[in-house]
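Here's the structure, in structure tokens; my notes come after.
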Amino acid sequence: MKNLLSAGQLSGAQAVEILDIAEGMADVNDREIKKLPTLRGKTVVNLFFEDSTRTRISFELAEKRLSADVINFTAKGSSVSKGESLKDTAQTLEAMGADAVVIRHSASGAANVLANSGWINGSIINAGDGTHEHPTQALLDAYTMRKRIHGSASMGKTLEGVKVAIVGDILHSRVARSNLLLLNTLGADVHFVAPPTLLPSDSSNFDAKLHYSLDEMLLKEQPDVVMMLRIQTERMNASFFPTEREYARYWGFNAQRLGQLKKSAILMHPGPMNRGLEIDAVSADSAQSTVLEQVANGVSVRMAVLYTLLSGERNANAS
Ligand code: NCD
């Protein structure tokens, strides 16, 4: 595997292997000296054209823990047209000998453009492209679910039969799209829950069950996992719901809804959270919430992805 562009490109076996490698990386992250020499001498560039806190820091930490040389390129505010700026930047990075580029861009398909352009010979990792995909988020979410469900017996396991409800702004969410693809591959049962305005208009090619009422879904389905999504106002060019108060009332996760969950169920959110809108403080800070675990697991999972794409012997068998 040379690039990671889409959660859908991974077979079940490849996904499980990355999650298993991440288990080993988590052990490293628990040590006093949290460092492996695996990527010594390799250069990784973090190319972020869009805001990010968690994902950028998480990749940077993962790269440093694997001893890579790290360059952070934050291109926010560039007024050059997107295609050209991407090409110019990519060619500059190539000239500097980047072994991998982690790219986040507001244009859907930007990572694929970079991977297919021939501008860069190194590996491309998609860290979020527009409303399209965010494969490492899906992997860290799958890792978090597997860990909460199977605990220390997680190695080698899929998510067969796990019922996952993804709730909220599905229309604009690359997290939802990548999660759907990976969860389907890992055998989970995926449910989308949203007001009709926040679901894609054509959902016939999605392998997810649709629900239009959060309370009904919780009651009827008793999900094992509830994943709340951020309301992405920056991607909204119109009004998708009447008021924030109304959204919170019908679609926000709160203490009362938390009480309806099975005791063993988990509540996820990729961050950043709009507290009081899609999730309230009681739920976000509850024992069932995995918000901070997701952040911690993100580092281990990104180390596993970098290792899979960049470590020498694997590249020799690259596909
Ligand atoms: C997500 C993203 O950027 O797509 N956040 C993240 O990577 N932690 C989700 C979001 O912004 O809502």
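Counting starts at 1 for both ligands and their atoms, following the listed order.
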Just to be sure I understand the cut-off, which residues have at least one non-hydrogen atom under 4.0 angstrom from an atom of ligand 1?
R54, T55, R104, H134, Q137, R174, V175, R230, Q232, P270, G271, P272

Does a salt bridge link E23 with R146, judged by any charged N lying under 4.0 Å from a carboxylate O?
yes

Yes or no on salt bridge (Lys or Arg N to Asp or Glu O under 4.0 Å) for E293 and K147, after CA distance, side-chain angles and deciding distance?
CA-CA 10 Å; E293 269 163 64; K147 201 78 197 157; over 6 Å; no

With distance as the sole criterion, is a donor-acceptor pair present between the side chains of Q294 and T144 under 3.5 Å?
no

Test your reading of the model: is there a side-chain donor-acceptor pair from N254 to the backbone of D280, 3.5 Å cut-off?
no

By side chain to side chain donor-acceptor pair (under 3.5 Å), which residues pair with D129, not counting sequence neighbours?
N126, H132

Would you say that more than 12 heavy atoms from the other residues, nucleotides or ligands in this model lie under 6.0 Å from the CD of E244, or not?
no

